[in-house]
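Below you'll find the structure, written out as structure tokens, and then a few comments.
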Amino acid sequence: MFLVLALRVRDAVATHIRQRYATEVSVVIEQPRQPEFGELALPVCFSLAKTLKRAPRQIAEEMVAELPAIEGIAAFEVAGGGFINVRFERGAYGESLLKQAAVASASSPQKIIVEHTNINPNKAAHIGHLRNAVLGDTLVRMLRRLGNTVEVQNYIDNTGVQVADVVVAFHFLEKKTPAEVQALVNDPTLRFDYYCWDLYARMSQHYAAEPAAKEWRAETLHAIEADEGDLAETGRIVADAVVKKHLGTMLRLDVEYDLLPRESEILHLRFWESAFELLKERGAVVLETKGKNAGCWIMPAHLFQEPGKKATTPKEDLAEGEVGNPEAGNPEDQDKVIVRSNGTVTYVGKDIAYQLWKFGLIEKDFHYVPYREYPDGRVLWASAASGGDAAAPAFGGGSKVYNVIDVRQSYLQDVVRAGLQSLGFEQQARDSIHFSYEMVALTPRCCAELGIELSEEDRKRSFVEVSGRKGLGVKADDLIDMLITKALDEVRSRHAETPESAQREIATQIAIGALRYFMLRFTRTTVIAFDLQEALSFEGETGPYVQYAAVRARNILRTLDDRGETLPDFNKQLGPDAFEAQLAQEDFWQLLLEASRGEWAIDRALAAEEPAQIARYAFQLAQAFNTFYHQHHILNEPDARKKTFLLWMAQFFVRELTRVLDTMGIAAPKVM
RNA sequence: GGGCCUGUAGCUCAGUUGGAUAGAGCGCCUGGCUUCGAACCAGUAGGUCGGGGGUUCGAAUCCCUCCAGGCCCGCCA
């Protein structure tokens with residue numbers, strides 16, 4: 001509702017300015033620093049002052065006098081050097097919240113593709129992968145809440161070097177047949193993804209000690225690509241088993257996907273060939289005849305050095321203004337090889353083909369088979385080379401694509417985008433969003449706690465990068481288990497009477513809440529220096545703090561029921577006058593406002609491309625409620641009218657906070 | 001050599017895209033549970049917003065420069 005009024009004011013003011021001053025300015029809406037200043041603040045007169053060459057305060061006064069009446073708005077006031085502050089009609093506002101009036105959306109709904117997780121299927125997921133999945137899944141939930149159709153893709157690189165290295169280790173180091181590897185997968189006493197974690201680290205050490213072993217890698221990669229022999233079969237077994245483990249880990253966090261596009265199908269269905277024809281036709285890639293890249297098809301550096309941006313809004317330029325191109329050295333050093341001199345395509349080439357498919361820009365499509373069904377009924381599909389299910393939904397063809405990939409891949413993402421651009425797909429290039437984020441690193445203290453040996457050099461650093469090759473990192477499932485164990489201790493001490501299964505369910509919700517909130521509270525550009533104690537905390541700015549506020553509010557309603565009282569019929573007992581009277585009390589009004597700002601917060605967070613803002617909003621709302629809860633004892637309220645109103649407030653708060661938590665993928669437990 | 005990011009309280013981080021008196025959590029200190037259960041609340045202390053210049057009504061935010069740290073720049077993925 002807050003968003004509805006904000007948009008209404010914005011549009012009315014913009015129209016007024018256009019008509020009265022014959023000029024076009026973007027009307028920025030803010031929340032005033034001080035609540036006493038009202039509900040919205042418009043600094044628009046400051047920018048207007050420049051074009052009109054008049055004092056901002058004078059313009060503000062003139063505008064306040066001339067602005068037409070707006071439904072739901074009680075007053076415009078001039079403040080400071082030329083702010084226009086806006087006050088809502090409190091009675092009407094409360095009434096509309098009760099009646100659950102219109103849901104607003106600032107942008108028109110569209111089909112959006114979000115790609116996230118994308119873990120190499122060769123070992124267990126670690127905390128860095130958790131950041132990706134939580135960020136991606138929260139983005140998906142935010143987009144869906146504002147009415148968009150979102151398709152979630154988790155790209156599986158089942159033919160790459162990382163899988164190959166584990167296959168190499170199984171085949172050449174451990175001398176295991178595919179059947180023996182399959183037996184490991186089936187062994188219930190062994191965690192296959194953990195086994196691979198160690199094996200992969202061992203293999204990396206082996207390569208370092210005996211570089212000649214890299215020939216095994218080449219042989220294995222070739223076998224996997226050709227899909228022939230024992231090496232290929234072991235590859236399929238490893239990748240499929242590890243993918244299933246990853247899906248299980250992510251489901252613990254309530255992260256689901258719609259589609260697993262697999263690299264093996266991109267290869268076998270020759271997506272690249274279609275893209276290659278296009279790229280050659282439009283001159284986006286050319287055959288190099290001289291220099292160090294002789295014999296390669298390259299993308300000339302100038303294509304991504306001069307992106308030729310036009311007609312983009314400044315906001316989009318800023319948000320994705322990460323064009324990182326080397327400018328030093330020889331000109332050909334900056335060209336990007338797309339097809340090697342031996343005729344094989346590089347990773348970026350495949351990525352360009354995949355990105356084109358996401359927008360529906362190449363003729364090719366996958367076949368699709370159901371991969372698994374989630375407990376909530378959602379079906380996860382996987383790509384297939386042939387014999388697809390006719391009942392499969394239409395995948396791909398999005399109008400906007402978010403790739404949730406860490407910031408280290410910025411350069412490659414720029415090349416992919418440049419590919420689209422040089423093919424003439426300007427709009428799609430702009431709507432390809434690299435939703436980048438910084439890495440999760442480990443603090444030296446955390447390494448010490450986990451018994452990880454560090455070099456002298458690393459110990460002096462403020463953080464150490466997680467490395468799969470070194471086997472250095474915190475496994476996602478281990479962290480989740482630790483969180484659940486800790487939460488379970490707390491739940492047991494508070495609710496000894498509760499059955500074990502219920503205790504465990506609550507502890508799990510708290511653990512996941514803590515984890516997801518932890519991964520969301522940092523902005524995308526912040527390196528998370530992972531600290532076990534901080535991550536395990538359930539106090540202060542944490543997920544459990546927010547969950548607890550919801551539980552407290554719900555306890556009020558439950559206790560009312562336990563006392564044999566019934567919830568009043570709010571629709572009959574609360575009208576505009578009642579709201580007007582109760583909301584005259586400032587702290588009631590402020591809490592209600594905050595609780596009604598959910599969509600506004602999501603709208604702004606999406607505009608800023610920063611999910612951390614949702615975490616922050618949820619925390620602030622919880623904080624506001626906790627203060628309110630402490631000051632007003634609802635069930636003992638002697639004034640019947642006031643009590644009715646406060647009960648409604650509690651109910652409204654529960655509903656809104658639950659929705660925000662859901663947007664972050666966090667459950668509101670029954671008790672805590 | 002180049003590109004991108006970061007530098008804000010003892011620590012970890014926000015800061016509404018240039019706005020009003022720079023905020024929160026943790027930690028420290030003080031106080032509050034027979035209550036809708038304290039995973040909470042109230043309060044104290046803590047700041048040259050890395051340094052310097054500039055732009056203007058107004059700068060933590062934009063520009064220049066210097067310093068410090070991180071990431072990336074392969075016929076690897």
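Protein chains get the first letters and strands the later ones, always in sequence-line order, with residue 1 at the start of each. Atom set for the values below is all heavy atoms of this structure, side chains included, hydrogens, waters and symmetry mates excluded.
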Exercise. Counting any heavy atom closer than 4.0 Å, what does A:V28 reach on the DNA or RNA strands: base, sugar-phosphate only, or nothing?
Worked result: sugar-phosphate
Seminar exercise, completed: Sorted by position of nearest nucleotide on RNA chain B, 5' first, the leading residue of A:P544 and A:G80 is A:G80
Problem set entry | Residues in ring pair (Phe, Tyr, Trp, His ring centres under 6.0 Å) contact with A:F46, at least two apart in sequence or another chain | A:F83
Exercise. Quick one: side-chain hydrogen bond (donor to acceptor under 3.5 Å, both in side chains) partners of A:R492, sequence neighbours excluded?
Worked result: none
For this session: Scan residues 540-554 of chain A for pairs that pass salt bridge (charged side-chain N to carboxylate O under 4.0 Å, His left out), counting only residues two or more places apart or in two chains.
Result: A:E541-A:R616
For this session: Using only heavy-atom distances, decide whether a donor-acceptor pair under 3.5 angstrom links the side-chain of A:R494 to the base of B:A39.
Result: yes
Exercise. For A:L621 and B:G25, what is the distance between atoms CG and C1' respectively, to the nearest whole Å?
Worked result: 17 Å
Hey, what are the protein-to-nucleotides 61-63 of chain B N/O distances that come in under 3.5 Å?
none

Are any protein N/O atoms closer than 3.5 Å to N/O atoms in nucleotides 26-29 of chain B? If there are, list each pair with its distance.
none

Problem set entry | Short side-chain N/O contact to B:C76 OP1/OP2 from A:T346, under 4.0 Å | no
Problem set entry | ring pair (Phe, Tyr, Trp, His ring centres under 6.0 Å) partners for A:F645, two or more places apart | A:F588
Exercise. Partners of A:N342 by side-chain hydrogen bond (donor to acceptor under 3.5 Å, both in side chains), sequence neighbours excluded?
Worked result: A:T344
Exercise. Taking the six-membered ring of A:F435, is NZ or CZ of A:R524 closer than 6.0 Å to its centre and within 45° of its axis?
Worked result: yes
For this session: To the nearest Å, give me how far apart CG (A:L42) and P (B:G19) are.
Result: 14 Å
Exercise. Which atom names give the shortest non-hydrogen contact between A:N120 and A:Q162, and what distance separates them?
Worked result: ND2-NE2, 3.1 Å
Exercise. Is there a Watson-Crick or G-U wobble partner for B:G7 with both distances under 3.5 Å, and if so, which one is it?
Worked result: B:C67
For this session: Measure from the side-chain heavy atoms of A:Y411 and tell me the nearest of B:C75, B:C73, B:C13.
Result: B:C73
Problem set entry | Candidate nucleotides B:G23, B:U17, B:A20, ranked by approach to the side chain of A:R616 - the nearest | B:G23
Exercise. Between B:C36 atom C1' and A:R552 atom CZ, what is the distance in whole Å?
Worked result: 9 Å
For this session: Considering only atom C1', compute the distance from B:U61 to B:A20 and round it to an integer number of Å.
Result: 16 Å
Problem set entry | Set of side-chain hydrogen bond (donor to acceptor under 3.5 Å, both in side chains) partners for A:Q413, sequence neighbours left out | A:N403
For this session: For A:S462, answer base if it contacts any base atom (sugar-phosphate contacts may also be present), sugar-phosphate if it contacts only those atoms, and nothing otherwise; contact means non-hydrogen atoms under 4.0 Å.
Result: nothing
Exercise. Hey, is A:H633 doing a stacking thing with B:U35, by the 5.5 Å centroid and 30° angle criteria?
Worked result: no
For this session: Hey, which sits more toward the 5' end of RNA chain B by its nearest nucleotide, A:T159 or A:I84?
Result: A:I84
Exercise. A:N626 has an atom CG; how far is it from atom P of B:A38, in whole Å?
Worked result: 9 Å
Exercise. Base, sugar-phosphate, or nothing for A:L557, non-hydrogen atoms under 4.0 angstrom?
Worked result: nothing
For this session: Answer with base, sugar-phosphate or nothing: what part of the nucleic acid does A:R408 contact at a heavy-atom distance below 4.0 Å?
Result: sugar-phosphate
Exercise. Which residues satisfy the ring pair (Phe, Tyr, Trp, His ring centres under 6.0 Å) test with A:F522, sequence neighbours excluded?
Worked result: A:F518
For this session: Counting Watson-Crick and G-U wobble pairs only, both distances under 3.5 Å, name the nucleotide matched with B:G74, or none.
Result: none
Might you list the N or O atoms of the protein lying below 3.5 Å from N or O atoms in nucleotides 7-12 of chain B, with each pair's distance?
residue, atom, partner, partner atom, Å
B:U12, O2', A:E534, OE2, 3.3

For this session: State whether A:R57 places a side-chain N or O below 4.0 Å from either non-bridging phosphate oxygen (OP1 or OP2) of B:A20.
Result: no
Seminar exercise, completed: Pairing partner of B:A24, by Watson-Crick or G-U wobble and under 3.5 Å for both distances, is B:U12
Exercise. Using a cut-off of 4.0 Å on non-hydrogen atoms, how would the nucleic acid contact of A:T627 be classed: base, sugar-phosphate, or nothing?
Worked result: sugar-phosphate
For this session: Applying side-chain contact (heavy atoms from CB on, under 4.5 Å) between A:N118 and each of A:I156, A:N154, A:N132, A:D406, report the one that passes.
Result: A:N154
For this session: Using a heavy-atom cut-off of under 4.0 Å over every strand shown, decide if A:Y545 touches base, sugar-phosphate, or nothing.
Result: sugar-phosphate
For this session: Please name all residues satisfying ring pair (Phe, Tyr, Trp, His ring centres under 6.0 Å) with A:Y517, sequence neighbours left out, ordered by chain then number.
Result: none
For this session: Can you tell me the pairing partner of B:G19 across any strand shown, Watson-Crick or G-U wobble, with both distances under 3.5 angstrom?
Result: B:C57
Exercise. Can you name the residues that form a side-chain hydrogen bond (donor to acceptor under 3.5 Å, both in side chains) with A:E225, not counting sequence neighbours?
Worked result: none
Exercise. Just checking, A:R217 and A:Y207: is the charged tip under 6.0 Å from the six-membered ring centre and within 45° of the axis?
Worked result: yes
Seminar exercise, completed: Regarding B:U61, purine or pyrimidine glycosidic angle vs 90° from 0 gives anti
Problem set entry | Between P of B:G19 and CD of A:Q31, the distance in whole Å | 14 Å
Problem set entry | Nucleotide paired to B:A42 in any strand shown, Watson-Crick or G-U, under 3.5 Å | B:U30
